[in-house]
Structure formats: C-alpha cells, structure tokens
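A, B, ... follow the sequence lines: proteins, then strands. Residue 1 opens every chain. Every value quoted in this text rests on a predicted model; they were computed, and no experiment measured them.
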2 protein chains.
Amino acid sequence: MDRISVFNEYVRRKGLKNTNQRMVILETFLGSKSHYSTEDLYMKLRKEYPKIGYATVHRTLKLFAECGIAIELNFGDGQTRFEPLIADQHHDHLVCTSCGLIVEFTETRIERLQEQIASQYNFKIERHRHELYGLCSDCAKKQG
Amino acid sequence: MDRISVFNEYVRRKGLKNTNQRMVILETFLGSKSHYSTEDLYMKLRKEYPKIGYATVHRTLKLFAECGIAIELNFGDGQTRFEPLIADQHHDHLVCTSCGLIVEFTETRIERLQEQIASQYNFKIERHRHELYGLCSDCAKKQG
DNA sequence: TTAGCTTCTGAATGTCATTTTCAATATCCT
DNA sequence: AGGATATTGAAAATGACATTCAGAAGCTAA
Ligand SMILES: [Mn+2]
Ligand SMILES: [Mn+2]
Ligand SMILES: [Zn+2]
Ligand SMILES: [Zn+2]
C-alpha cells in the first residue's frame with residue numbers, strides 16, 4: 001500500500017478529515033528531496049500556496065510521522081527533520097558537519113549486531129538511530 | 001590524566017578562572033549517576049548549594065564538553081544530557097522509552113563496520129551516535 | 001598584600017523551535 | 001442541506017537554552 005493510501009486510511013480510521021491543505025502538504029512532502037524541516041517545507045509550499053500556515057505544516061508533518069509514512073530525524077542542529085518512509089526500507093545517515101550533506105546507508109551486518117545486543121540486555125527494540133557525523137569528501141578536500 | 005586535571009589544565013590554558021562553583025559542579029557531576037540534564041544537575045546541586053544559578057550550571061556543563069571531559073547526549077526528549085567521558089572509553093546506548101533506563105554497550109564489530117561505511121563514502125568521521133530505543137526487560141514484562 | 005584588570009556569577013531577559021489557543025471555516029455524515 | 005466535529009491560520013504560549021549586565025570574585029604583577 002502506498003503512502004497516500006496509508007495516510008488516507010489512517011485519517012478515516014481516526015475520524016479525522018481530509019483537507020486540501022493536508023493533500024497539498026503530502027504531495028509536496030513526497031514529491032521532492034527528503035529530510036525536510038518544518039521551515040523548509042513551509043517555505044517551499046508558500047510559493048504556490050501563500051495562505052498556508054506554518055502551524056498547519058508542522059501539525060501535518062507530525063501527523064505523517066504518527067501514521068507511519070514519515071519519520072522524525074534529529075541531527076542535533078536544533079531542527080527536527082521529517083523524511084518520507086518507505087515501508088521496510090530502513091536506512092541510517094552520514095551527516096556532513098560542514099555543508100549539511102546527508103548520505104544514506106544500510107548495513108545489514110550492523111542491524112543484526114544491534115539485535116544481538118538488544119537480546120543480550122533483554123531489550124525489546126522499537127527503533128534506533130545511527131548517525132555518523134564528519135566531513136564529506138568535498139568538505140574534507142577544502143579542509144573545511 | 002584524570003578529568004579534574006584535564007579541566008584544570010584547560011582552564012589555565014584558556015585564561016579562565018578557577019571558581020568554587022566550577023569545582024562543586026565538577027565534583028557533583030563526576031560523583032554520581034551519568035546522563036545528567038542541566039535541570040537534573042541543577043536540582044541536585046541546589047540542595048547543598050542553594051545559591052547556585054541555573055545558568056552557571058548550564059555554562060559549566062558546556063565547558064566540560066568543550067574541554068573534553070564530558071559529552072553531550074540527545075535522546076530525543078528535548079533535553080540535552082551530559083555524561084562524564086573517560087578518555088578512549090566510547091560507548092553507545094540502549095534507552096528504555098517507558099522508564100527512561102539507560103544501558104551502555106560497546107561493540108567493536110559495529111565500530112569497525114562504521115569505519116568501512118565512512119570510507120566507502122569518503123567521509124571523514126568525527127563522531128557518531130548509535131542509540132537503540134525500546135523497552136527494558138522490566139517494562140516489557142509489565143507490557144508497558 | 002594590594003591595586004587593578006579580567007573573568008565569573010546569578011537573576012533577568014532574550015531567542016528560537018515548537019506547541020497551543022481560539023474564533024472562523026471546512027468537512028463529513030445523515 | 002443541517003449540524004456536529006475537526007481543521008485552519010494568526011497570534012500567543014511554552015520550554016530549553018543562550019545572553020546580558022552589574023556586582024562579586026579570581027588572578028597577576030609590583
Ligand atoms: Mn534519509
Ligand atoms: Mn553513557
Ligand atoms: Zn560537506
Ligand atoms: Zn524500562
């Protein structure tokens with residue numbers, strides 16, 4: 001089931017309503033680069049829909065996370081970012097501390113080792129964050 | 001060199017001053033549980049030193065991080081936590097989303113795999129975060 | 001030891017992302 | 001369509017953290 005259907009079903013199940021704003025925000029959110037902060041997405045939407053409110057954008061992003069079609073990311077720069085989630089396509093991140101570049105990686109061996117650690121400590125893992133911070137190759141060249 | 005010496009040397013080198021507050025905060029910080037938020041440590045210190053200021057506690061924790069005897073942690077609950085760092089004793093965390101329990105783990109195989117990933121993408125890693133969120137065994141029993 | 005310069009402290013205030021409030025508006029169900 | 005209920009957007013509130021500033025304390029050199 002695609003993310004739009006997941007969202008629509010969540011809205012129906014919870015007795016929420018389908019609004020123009022929500023559809024527009026969802027399409028824009030799914031339709032381009034990931035890792036949006038509320039501010040980023042609000043600015044982008046404003047160009048085409050100048051009447052849209054910041055609070056609506058933010059509430060809607062939280063709603064996406066709540067219904068499972070997005071995840072919240074926090075790279076420690078004081079802004080929460082949201083990224084569309086494709087079911088069963090987990091990945092982690094490399095973050096350039098100089099230019100902000102975000103690169104995604106997956107490594108099943110790490111995922112497996114995590115599970116071993118969790119069972120060692122009798123933890124029941126719900127989610128995890130694994131982020132590598134440093135300089136991307138461009139910034140490293142510029143010794144930035 | 002122990003953490004108190006590292007701090008004292010840093011203070012000297014930077015032309016900062018040695019104050020009672022800083023010593024008291026350092027001793028308390030090193031002397032009990034880890035993973036203090038500013039608020040946590042402020043509340044603890046207040047009992048014995050009621051005149052100490054919140055801003056001083058916070059500035060001093062930042063100073064500890066700056067001089068390398070502490071690291072800042074962020075478990076996504078909106079509060080930065082500080083933990084005394086023992087040189088070359090890196091670890092990552094399991095965090096119980098129900099009771100807040102924090103368990104530490106190290107896994108050299110993961111650390112190595114990280115390095116491989118970084119070099120694959122030509123990243124020069126400065127630091128990383130790896131946190132596993134879920135239910136500790138107690139909370140899992142209480143299905144909580 | 002003390003003068004004099006610099007840093008520190010603590011209370012208050014500022015900042016900034018995020019959240020909440022609320023009155024007007026839109027949606028949904030019958 | 002009518003009416004209950006959710007949503008919206010502007011504004012205000014919140015909360016963690018950072019900054020300001022005047023008085024206090026630490027440091028250094030004579
Ligand atoms: Mn991503
Ligand atoms: Mn720890
Ligand atoms: Zn870069
Ligand atoms: Zn627990």
Strictly below 4.0 Å: does A:H58 bring a side-chain N or O up to OP1 or OP2 of C:dT19?
yes
Is the backbone N or O of A:N74 less than 3.5 Å from a side-chain atom of A:R129, with the two atoms forming a donor-acceptor pair by type?
yes
Does A:F7 reach the side chain of A:L26, with side-chain heavy atoms less than 4.5 Å apart?
yes
Assess, by modelled atom type and distance only, whether the side chains of B:H130 and B:H93 contain a donor and an acceptor separated by less than 3.5 Å.
no
Are any side-chain N or O atoms of A:T60 and backbone N or O atoms of A:T56, one a donor and one an acceptor, separated by less than 3.5 Å?
yes
Between C:dT9 (P) and B:N20 (CG): distance, integer Å:
10 Å
Starting at CG of A:L61 and ending at C1' of C:dT19, how long is that distance when rounded to a whole Å?
14 Å
If you assign B:V11 and B:K62 each to the DNA chain D nucleotide with the nearest heavy atom, which residue ends up on the more 5' nucleotide?
B:K62
Would you indicate whether the side-chain heavy atoms of B:D92 and B:H128 approach each other to under 4.5 Å?
yes
With heavy-atom distances below 4.5 Å as the criterion, would you say the side chains of B:E39 and B:Y54 are in contact?
yes
Near-strand residues of residues 35-42 of chain B, defined as heavy-atom separation under 4.0 angstrom from DNA chain C
none
Could you state the atom-to-atom distance from OH of A:Y54 to P of C:dT21 in whole Å?
18 Å
Take the protein atom CZ of B:R22 and the nucleotide atom C1' of C:dT7, then report the distance between them rounded to whole Å.
8 Å
Heavy-atom donor-acceptor pair, A:S119 side chain to A:N122 backbone, under 3.5 Å
no
Applying a 4.0 Å non-hydrogen cut-off, can you work out what B:T56 is touching in the nucleic acid: base, sugar-phosphate, or nothing?
base
Nearest-nucleotide 5' precedence on DNA chain C, B:L16 against B:A55:
B:L16
Which of residues 67-83 of chain A have a heavy atom under 4.0 Å from DNA chain C?
A:G78, A:Q79, A:T80
Using a strict cut-off of less than 4.0 Å between a Lys/Arg side-chain nitrogen and an Asp/Glu carboxylate oxygen, indicate whether B:D40 and B:R81 qualify as a salt bridge.
yes
Regarding B:K14, tell me which of base, sugar-phosphate or nothing describes its non-hydrogen contacts under 4.0 Å with the strands shown.
nothing
Return the 5'-most residue of the pair B:I52, A:T19 with respect to DNA chain C, ranking by each residue's nearest nucleotide.
B:I52
Flag, side chain of A:T97 to backbone of A:G134, donor-acceptor distance under 3.5 Å:
yes
In Å, rounded to the nearest 0.5 Å, how long is the span from CG of B:L113 to CD of B:Q120?
10.0 Å
With a strict under 4.0 Å distance from non-hydrogen atoms of chain B, what nucleotide opens and what nucleotide closes the contacted stretch of DNA chain D, reading 5' to 3'?
D:dA16 to D:dC27
Can you find a donor-acceptor N/O pair under 3.5 angstrom joining the side chain of A:R59 to the base of C:dT21?
yes
Can a donor-acceptor pair be found, under 3.5 Å and without considering hydrogens, that links the side chain of A:T28 to the backbone of A:V24?
yes
